Amino acid sequence: MTDPGSHSIGEYLISSRSMAEYRAMFALGDSDLTGKVLDCPGGGSSFTASAHELGVDAVAVDPVYRRSAAKIAERAVEEVSRGSDWIRANVEKFRWDFYGDPEGHQRMRRESAEKFAADIAAHPDRYRAGALPRLPFADDTFDLVLSSHLLFTYADRLDCRFHIAALRELARVAKGSVRVFPLVDQAGEAVDELLPPALVELESLGLRPRVQALDYEFQCGADAMLAFDAS
Ligand SMILES: C[S@@+](CC[C@H](N)C(=O)[O-])C[C@H]1O[C@@H](n2cnc3c(N)ncnc32)[C@H](O)[C@@H]1O
């Protein structure tokens, strides 16, 4: 149950960001969207559906995909209201230039959840059950690995050890770029106990992590992604 006034959204939100949001959060151009792409966690996002429309071999992974496609689809659509309630209760923590207003945001998420629901029903093979820090893929499988709104976002329940193991796992399954967004927690607070040690770990693995500024900022302070090349 979400308490909109609290620092935490409660249970993991099965959110449904769209391709437009993924392009903005991860600074994706058309040239990035080629080959095999992993969305982890996929949640209720329509990124995978939209990527396939562009001819990209995208796969989404999330622990919720253990449930039936019908149940997940229903839940993703319901979760749009829970996410919107949270945003309306914390409206001062967000910037509105990308979405216009809370109604515009909710509309985009609802359309995205509906697209996800249709896609998981038609193409269940694109949605694999799995959870960080152990993914069901071989080493060097993906040209691009995207991870939105799990790492750093849920700093209230995922510790530094988890973050380091998860980032190592994303690097293991990637042969190209790995991108992670956002770099703040649910309340928009800096994650000083997580990000610096994660950067040190990636550096020690020779992965040359960088914090890259973005043109996109919805949650105040969430204006950069973590990026590194696994190859
Ligand atoms: C806020 S959603 C993000 C979904 C999508 N990336 C988006 O931006 O719309 C967070 C997702 O993380 C998933 N999750 C929770 N624990 C996880 C884990 N250990 N590994 C992978 N995904 C996890 C949840 O099931 C939920 O769908």
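Computed from a prediction, not measured in an experiment: that's the story for all the values here. Ligands are counted one by one from 1 in listed order, and the atoms in each one are counted from 1 as well.
Within a 6.0 Å sphere centred on CZ of Arg168, other residues, nucleotides and ligands contribute 12 heavy atoms or fewer. No more than 12 heavy-atom neighbours from other residues, nucleotides or ligands sit within 6.0 angstrom of CZ on Arg208. Other residues, nucleotides and ligands contribute over 12 non-hydrogen atoms within 6.0 Å of the CG atom of Asp125.
Of all protein heavy atoms, the one lying nearest to atom 2 (S) of ligand 1 is Leu13 O, 2.9 Å. Among protein heavy atoms, atom 19 (N) of ligand 1 sits closest to Leu132 O, 2.9 Å. Scanning all protein heavy atoms for the shortest distance to atom 6 (N) of ligand 1 gives Pro41 O, 2.7 Å. Nearest protein heavy-atom contact of atom 8 (O) of ligand 1 is Ser148 OG, 2.6 Å. Looking only at protein heavy atoms, the nearest one to atom 23 (C) of ligand 1 is Pro63 CD, 3.4 Å.
Ring geometry for Phe181 versus Phe26: interplanar angle over 60°, hence perpendicular rather than tilted (30 to 60°). Ring-plane geometry between Phe94 and Phe218 is classed as tilted, the angle between the planes lying from 30 to 60 degrees on a 0 to 90 degree scale.
For ligand 1, one of its N or O atoms has an N or O atom of Ser15 under 3.5 Å away. Between Ile14 and ligand 1, no pair of N/O atoms sits closer than 3.5 Å.
Taking a cut-off of under 4.0 Å to the non-hydrogen atoms of Ser16, the atoms of ligand 1 that pass are 9 (O). Those atoms of ligand 1 with a heavy atom of Tyr22 less than 4.0 angstrom away are 5 (C), 6 (N), 7 (C), 8 (O). The atoms of ligand 1 that sit less than 4.0 Å from any heavy atom of Val64 are 25 (O).
Judged purely by distance below 3.5 Å, without hydrogens or angles, the side chains of Arg179 and Gln212 never pair a donor atom with an acceptor atom.
Counting only non-hydrogen atoms, the option in Leu135, Thr153, Asp62, Leu146 that gets closest to atom 25 (O) of ligand 1 is Asp62.
Ion pairing between Glu79 and Arg75 holds under the 4.0 Å rule for side-chain N and carboxylate O. Under a 4.0 Å N-O distance rule, the pair Arg172/Glu169 qualifies as a salt bridge.
In this structure, Gly44 has no heavy atom closer than 4.0 Å to ligand 1.
Side-chain contact between Ser147 and Pro41 is present, with at least one heavy-atom pair separated by less than 4.5 Å.
When heavy-atom distances to ligand 1 are checked against a 4.0 Å cut-off, Pro133 has no atom that comes that close, whether in backbone or side chain.
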